[in-house]
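Remember, predicted model here, so these are calculated numbers, not experimental data.
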Amino acid sequence: MGYREELQRLQHQLELANRAIPLIRDEATAERLARFADEIKGRLDKLQAATLSEQTSRPAFETAPHWEVHTHASEDNIRARAYKLWEAAGKPEGRLDEFWYEAERQLKAEQVN
């Protein structure tokens, strides 16, 4: 199953769980479903971070004149930081490159300090 399909599946599961929680009268069951919804949200966040990375993957960056090989900041670290920045900005569409470059800049600055 590809990223998009898995992303849609998890979003659907999360939506169903969140709709069901207020309808459940048994507290223990509602709490278990809420924990399950939290797990789904965590998996969804990880998948969205991976998707963000896919959307900002090398082909778009390799053609940029300022492309550098990452010697210190790994792509995983950049991807995670870019995702956090994107999330903090309200998950706007069409600005993925901006968050990737900002994450890269921040990590490089941290390595210097």
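In this structure, the separation between CD1 on Ile21 and CZ on Arg35 is 10.5 Å, given to the nearest 0.5 Å. Here the CD-NZ distance, from Gln11 to Lys41, works out to 9.5 Å after rounding to the nearest 0.5 Å. The CZ atom of Arg9 lies 10.5 Å from the CG atom of Leu44; values are rounded to the nearest 0.5 Å. The distance from atom CD1 of Ile78 to atom CD of Gln106, rounded to the nearest 0.5 Å, is 11.0 Å. Interatomic distance, CZ of Arg32 versus CD1 of Ile24, reported as 9.0 Å (0.5 Å rounding). In this structure, CD in Glu102 is found 9.0 Å from CZ in Arg81, a value given to the nearest 0.5 Å.
The two residues Asn18 and Ala37 make their nearest non-hydrogen contact at OD1-CB, 4.0 Å. Minimum heavy-atom separation, Ala20 to Leu33: CB-CD2, 3.7 Å. Nearest approach of Ala82 to Phe99, heavy atoms of both residues: CB-O, 3.6 Å.
Salt bridge annotation for Glu39-Arg43: absent, with no cationic side-chain nitrogen under 4.0 angstrom from a carboxylate oxygen.
Leu10 and Leu16 fall into different hydrophobic clusters, where Ile, Leu, Val, Met, Phe, Trp and Tyr residues are linked whenever their side-chain heavy atoms come under 4.5 Å apart, directly or through other members.
Checking each of Arg105, Arg95, Arg79 against Trp100 for a side-chain contact (heavy atoms from CB on, under 4.5 Å) leaves exactly one that passes, namely Arg79.
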Tyr83 vs Asp45, test: side-chain contact (heavy atoms from CB on, under 4.5 Å). Steps then yes/no. CA-CA 9 Å; Tyr83 180 74; Asp45 288 345; 3.4 Å; yes
